[in-house]
Amino acid sequence: MVAGDTVGDATRTRAEGEPGRADSGPLDERERRQLDVVRRFGTVGSLLLTIGSLGAGAAPVFNPVFRLPVLGLFSRMTTVSLAFAFTGVFMIVLAWLALGRLSRPGRARAVSVPQMARTLVMWIAPLVFTVPSFSRDVYSYLAQSEIVAMGQDPYTVGPAQALGINHPLTQGVPTMWRETPSPYGPLFLTLGKAVNWLTGDHVVLGVAAHRALALLGLAMVIWALPRLARRFGVSPVSALWLGAANPLVLFHLVVGVHNEALAIGLMLVGFELALRRMPRVTPDGPFPPWQRGELLWYGVGAAVITLGAAVKIPAALALGFLGVMIARRMGGSWKNLFAVAGGLGVVFAVVLTATSLGSGLGYGWVATLNTAATIKSWMAPMTALGFGAGWLGIVLGLGNHIDAAITASRTVGAVIGPLIAAKLLLDSFRWKLRPLTGLGVGLGAVLVFGATVQPWYLLWAAVPLAAGAGNTRFRTAAMVVSAGLAVALGPTGATFDGRVFVLPYAYIGAIAVTLLAVTAVRKHIPRAEWAPAGAVTAPTS
């Protein structure tokens, strides 16, 4: 049980751990057949994406698949491979949407947590063998980790300087990142160093090892999500559906091998561990004395969250919302808040210092956190605003000031994001907002208003919100955004400059095959059912 909270101006407060809407019953025979079809449909999609990745994925420069009989044909047929990959993407997204109908909170009968877990295993298993797709970041991980293994400082030199441009690991790094130092935390590079000791400069084995780390992070997410959802009165199955079975998770954490999986996993596990002994309280009390082991679990949870920050720094924001919950449990005074902030600050400093110095890398990573800002991405709202203002100046005859406009807009964003996060912390402290909801929205605000935005950044917000957000409107909005981004991005991990002509053919072929597949299973597609706005979680007042 954890400290309770209110939403909006509700008059009274229910503790997050209090049971909400009655659990749904098990699926009947017809719905189990529908679930079987949905599972197989998604699994076929995963297999098609795996096959398509052989020619359409972000393959290494020296692609070993090219020389394989039969399989090597896909690397010579880009359009066909893209059609396979897009068909897989469409089928996985459609299967996920259908699964959402069977796992919607408020249904008389819904998918159980074990059934959801088995579905995830079926969909993920083929994706483990994909060529990295949607991004080439994993090759940067390998090169930067090799720099560490060679005893050099990855926070002062890039792969080209440290390894040489002809090194097999450097050649896999996108050109824009070959001269830049690493933006990743010391824990991740230490793990990467171990990977490179095991795999050397063998790119395929190195990718497999990093994918194993990503799967470990995803396993943490799957472990923590239903537990946190129960604490905050949200359906565990709904949380797993939105936060773990989400196509963006499958495409960017499993297939794309992003280290967000490890960072988010550690952050959520730390949050859950910290709450294990927290008693139920309300704004009016009573505030019981410390429970046995309560302080210990707060420390353990904070340490694990800090380890997540030692992979990617956004995870550190979770300490703020954890601190708010502990302060509210103590009585909710400002004195309590400052005392907790000091205690968590000590844990953060000790664990991060031990990780930084123990890795031999020191604190050089602090100076490289903005490495990604060197890229001017239109997906970042503040960068896009700067582009727009700069082009408007050109149209009005004021000269080309695009760079200055981008710098100014990014500076504004760097202030707005943290201010929103601070406001959410304050609202959580005042019992106006669930802290886990505040964490998700706060992470989203900091990242969206940041200098660079990538599709997988959305997961920093979506995964915590899956366990903490409290109504079906959010569930619907997150579903639409996730599905839209999932089908809009190509799996190559690069632009289509000079070969845009292949996209229409690939999309048309993929849409045609997907429609045929949907037609074949149309009788087994679960029907949508209307749900009230508060169906994901029980009322909070």
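- The aromatic rings of Y184 and Y141 lie perpendicular to each other, with more than 60° between the two planes, well past the 30° mark.
- How far CG of D36 is from CD of Q115: 9.0 Å, rounded to the nearest 0.5 Å.
- A distance-only check finds a donor-acceptor pair linking the side chain of R211 to the backbone of V128 [under 3.5 Å].
- Atom-to-atom distance recorded for H258:NE2 and L213:CG is 14.5 Å, nearest 0.5 angstrom.
- S235 approaches P105 most closely through the heavy-atom pair CB-CG, 3.8 Å.
- The two atoms that bring P186 and L361 nearest to each other are CA-CD1, 4.0 Å, heavy atoms only.
- Between V148 and T190 there is no side-chain heavy-atom pair separated by less than 4.5 Å.
- The distance from atom CG of L35 to atom CZ of R40, rounded to the nearest 0.5 Å, is 10.0 Å.
- In this structure, the side chain of T130 does not engage the main chain of T50 through any donor-acceptor pair within 3.5 Å.
- With contacts defined as side-chain heavy-atom distances shorter than 4.5 Å, the pair M150/L163 qualifies.
- Atom OG of S359 sits about 8.5 Å away from atom CG of L187, to the nearest 0.5 Å.
- The aromatic rings of H252 and W456 lie tilted to each other, with the angle between the two planes from 30° to 60°.
- Of all heavy-atom pairs between P464 and L459, the closest is CD-O, 3.9 Å.
- Of all heavy-atom pairs between S103 and A110, the closest is CA-CB, 4.5 Å.
- Taking all atoms of both residues into account, the shortest heavy-atom contact from A467 to F232 is O-CB, 3.7 Å.
- For the pair S145 and V195, the minimum side-chain heavy-atom distance is 4.5 Å or more.
- Under the 3.5 Å distance criterion, the side-chain polar atoms of R231 are matched with a main-chain donor or acceptor of L275.
- Formation of a donor-acceptor pair under 3.5 Å by the T368 side chain with backbone atoms of S182 is found in this model.
- Side chain of R227 to backbone of W223: a donor-acceptor contact under 3.5 angstrom is found.
- Taking CG from N246 and CD1 from I92, the interatomic distance works out to 11.5 Å, rounded to the nearest 0.5 Å.
- Put simply, CZ on F188 and CH2 on W365 are 14.5 Å apart, with the number rounded to the nearest 0.5 Å.
- R136 places no side-chain N or O within 3.5 Å of a backbone atom of V173 that could act as its donor or acceptor partner.
- Here the shortest heavy-atom pairing between Y457 and T452 reads CE2-O, 3.2 Å.
- Environment of CD1 in I165: sparse, with no more than 12 heavy atoms of neighbouring residues, nucleotides or ligands closer than 6.0 Å.
- Looking at W96 and S482, their side chains come closer than 4.5 Å, going by heavy atoms from C-beta outward.
- Judged by distance alone, the side chain of S133 and the main-chain N or O of V131 form a donor-acceptor pair under 3.5 Å.
- Between Y363 and T353, the side chains place a donor N or O and an acceptor N or O closer than 3.5 Å (distance only, hydrogens not considered).
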F84 and L49: CA distance, side-chain angles, deciding distance, side chain to side chain contact (heavy atoms under 4.5 Å, CB included) verdict:
CA-CA 6 Å; F84 267 86; L49 178 54; over 6 Å; no

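- Remark: the backbone N or O of G158 is paired with a side-chain donor or acceptor of Q161 at under 3.5 angstrom.
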Could you walk me through whether V207 and Y139 pass side chain to side chain contact (heavy atoms under 4.5 Å, CB included), step by step?
CA-CA 8 Å; V207 168; Y139 302 118; 3.9 Å; yes

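- By the 4.5 Å heavy-atom criterion applied to side chains, F129 and L47 are not counted as neighbours.
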Quick one: do V255 and L250 satisfy side chain to side chain contact (heavy atoms under 4.5 Å, CB included)? Show the steps, please.
CA-CA 6 Å; V255 179; L250 303 182; 5.8 Å; no

Chi angles and distances behind the side chain to side chain contact (heavy atoms under 4.5 Å, CB included) call for L436, L439
CA-CA 5 Å; L436 196 59; L439 172 61; 4.0 Å; yes

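- Note that R475 lies in the cation-pi zone of W241, set by a 6.0 Å cut-off to the ring centre and a 45° limit from the axis.
- Using a 4.5 Å cut-off on side-chain heavy atoms (C-beta onward), L99 and M116 make contact.
- At least one donor-acceptor pair closer than 3.5 Å links the side chain of S46 to the backbone N or O of W123.
- Between F474 and L242, the closest side-chain pair of non-hydrogen atoms falls below 4.5 Å.
- Under a 4.0 Å N-O distance rule, the pair E146/K193 does not qualify as a salt bridge.
- At distances below 3.5 Å, at least one donor-acceptor pair connects side-chain atoms of T355 with backbone N or O atoms of V351.
- Counting only heavy atoms from C-beta outward, the side chains of L273 and V269 approach each other to under 4.5 Å.
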